[in-house]
Amino acid sequence: MRFASSALLAVVSAGVALGAQHPFTAYDEGLFTPLGDLGLLSTSEFTTLAHPAFPNHNVRVKQSQFCDGGVNAYTGYIDVEARHLFFYFFESRRDPETDDVMFWTNGGPGASSTMGLFMELGPCRVTSSNSTKMNPYSWNEHANVFFVDQPVGVGYSYAEYGESVGTTKDAAADIAAFMVIFFEHFAKFKGRALHLAGESYGGRYIPVFASAIYDKNKELVEAGLTPVNLSSIMIGNGCTDFGTMFPSYYDAQCQDPTFPMIHDISTCVRMKEMVPRCQKRFKESCEDKMDAIDCAAASSFCSDAFNGPFGDKNHYDRARPCKGAASITECYPIVQHTVEFLSSEATQDLLGVDPAVRGNFTHSSRTVSQAFRDNLDHWAFPAQHYISALLERGVRTLIYVGATDYICNWIGNERMTLALEWSGQEEFRSKPLSVWGWDVGEVSGLTRSGGGLTYATIAGAGHMAPYDKPRESLVMANRWLAAESL
Ligand SMILES: *[C@@H]1O[C@H](CO)[C@@H](O)[C@H](O)[C@H]1NC(C)=O
Ligand SMILES: *[C@@H]1O[C@H](CO)[C@@H](O)[C@H](O)[C@H]1NC(C)=O
Ligand SMILES: *[C@@H]1O[C@H](CO)[C@@H](O)[C@H](O)[C@H]1NC(C)=O
């Protein structure tokens, strides 16, 4: 969720990423008994699950009945060697036996997915440091939903021996292993359609995670394992491609017909002059040459040119003024409540949090964020190409955007969708924008759909769209899961 744009990057050093490999071994299916009845899991102690195909990986899981009240809920760790990824898993309110599975991550990089869980689309919202209330618009209405704190170093997820993950590609290796191991153990979900969803920097994570899962399937089939049934990706207010997002900051401030003009003409003209310069420098340094130092300088140039004038207005929502991106807890007090809730010993006992990460909870890890910056992960790979490749392989893609967001705004996202290159591009581009509504006669936003790709705005919502417009967001998600048009 937290995607700081001011000081987009201050420090640059070409860090060396850890190459993460998760080999697995062929095994005799007859020798392995997956977990059948989840209802047999303890509520107080973790049950450790091992799998012969994944000798270096374990799942520790317990029942943690909280938050929803009506459905089975589980928490635990997937241990990928010395890395421990914390997850929450809520079964579907409708039918856990047949509904699809969804994975959710927030962005940052470094933001905890508990923001999505307890503020946006999870089964409950935190109301104070020791209470929650049920969310009637939770996305587990029609799906079995995961919330995963990733990469390691975020939330309750951690790595032993000070290992860290500082690139999306390394994070993807852990998530691909996570999903395979989950489906192998939780047999009742095996083969079930999977949707990967995320927000903000998740617009960069999700296409890469989905691709890693897709590519891994070939190995799984060769080893006699069941492939992961990757069905779609869903990106909310994503900052997927800065090549299109940077120039959109000019439009969002000076030329968005849906938003009041905030600047003098002279300021807007100065920014307009920067658009071609930024585009040229970004393309040369980040896309063509991919030179670390030049790319950082180009990105810094673009950021100063466009985000400087925006100042400390609320980067997440042009319609809801507050004290700027730096103080998200002041703009959204629920974030502070969530931090207090997750810092409490009672909550940590309930969830089974490991001793290594007990104590005060951090909603956004500066260490992880800095590691991604140091590795130039923000700029140096074109996440949109992964979307094209997924579309080409039949993985449906939803790009939705709360329309009053500034930092990953609709203008940049719409441009990104129109520029995606795959065999469905012409069909998509030929479609006009049309109105969609959560109910007959309602106007919830605009949408365009074709070739497996859907772009949609959510009117009146900011960066955390399901927080601002929960009903509209849920209707959209449910129609998407059912493969209906918006
Ligand atoms: C919850 O917190 C409030 C104030 O923060 C306190 O008055 C109340 O006793 C607490 N309730 C429980 C069950 O701990
Ligand atoms: C994958 O999910 C889709 C959509 O739910 C379903 O139609 C299909 O049968 C599933 N594929 C497998 C191999 O289970
Ligand atoms: C944890 O947070 C509380 C409340 O904000 C603070 O008083 C305490 O010093 C913090 N503990 C640590 C170890 O940082």
Side-chain angles (χ1 to χ4, degrees), residues 29 34 91-92 94-103 110 112 114 118 126 128-131 139-146 153-156 158 176 179-197 209-211 213-234 326-330 332-349 351 353-367 390-391 393-398 452-454 477-485:
E29 289 253 8
E91 290 193 351
S92 170
R94 180 174 63 181
D95 187 359
E97 305 305 319
T98 59
D99 283 337
D100 293 356
V101 175
M102 188 192 293
F103 164 100
S112 165
T114 51
F118 295 114
V126 168
S128 79
S129 57
N130 58 16
S131 61
W139 289 18
N140 76 328
E141 187 172 274
H142 290 175
N144 301 287
V145 185
F146 271 109
V154 170
Y156 298 138
Y158 65 100
M179 291 316 312
V180 172
I181 293 164
F182 167 79
F183 282 111
E184 280 297 318
H185 280 293
F186 295 77
K188 83 171 180 178
F189 297 105
K190 214 168 177 173
R192 204 79 66 81
L194 173 68
H195 307 266
L196 294 190
F209 293 2
S211 300
I213 290 170
Y214 191 95
D215 286 345
K216 205 175 188 63
N217 272 345
K218 206 171 136 215
E219 299 167 51
L220 293 175
V221 171
E222 278 165 10
L225 297 165
T226 307
V228 174
N229 192 352
L230 178 67
S231 175
S232 87
I233 62 172
M234 307 162 72
S327 59
I328 185 161
T329 47
E330 285 182 56
Y332 301 92
I334 189 172
V335 174
Q336 185 56 34
H337 292 149
T338 302
V339 167
E340 288 161 10
F341 179 75
L342 293 168
S343 297
S344 92
E345 204 178 335
T347 303
Q348 294 179 355
D349 285 344
L351 302 176
V353 174
D354 277 354
V357 281
R358 289 250 168 179
N360 285 350
F361 185 84
T362 308
H363 69 81
S364 195
S365 163
R366 283 179 193 280
T367 312
L390 290 162
L391 283 166
R393 288 160 180 77
V395 177
R396 295 187 301 130
T397 297
L398 171 64
L453 173 65
T454 293
N478 282 347
R479 287 182 192 162
W480 180 256
L481 292 175
E484 293 166 3
S485 62

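Note that the structure is a prediction, hence the values are computed from the model and not measured. One is the number of the first residue; the rest follow in order along the sequence. Both ligands and their constituent atoms are indexed starting at 1 by order of listing.
- Distance check: Gln348 CD to Phe361 CZ gives 9.0 Å after rounding to the nearest 0.5 Å.
- By the ring-ring contact (aromatic ring centres under 6.0 Å, His included) test, Phe183 pairs with no residue at all, sequence neighbours left out.
- Taking a cutoff of 4.0 Å between a charged side-chain nitrogen and a carboxylate oxygen, Glu184 and Lys190 qualify as a salt bridge.
- For the side chain to side chain donor-acceptor pair (under 3.5 Å) test with Ser92, the passing option among Asp99, Asp100, Asn140, Asn144 is Asp99; the others fail.
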Inventory of protein N or O atoms under 3.5 Å from ligand 2 N or O:
{"residue": "ligand 2", "atom": "2 (O)", "partner": "Asn229", "partner atom": "ND2", "Å": "2.4"}
{"residue": "ligand 2", "atom": "11 (N)", "partner": "Asn229", "partner atom": "ND2", "Å": "2.8"}
{"residue": "ligand 2", "atom": "14 (O)", "partner": "Gly191", "partner atom": "O", "Å": "3.2"}

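- Residues satisfying the side-chain hydrogen bond (donor to acceptor under 3.5 Å, both in side chains) criterion with Asn360, sequence neighbours excluded, are absent altogether.
- Judged as a ring-ring contact (aromatic ring centres under 6.0 Å, His included), and not counting sequence neighbours, the contacts of Phe118 are Phe341.
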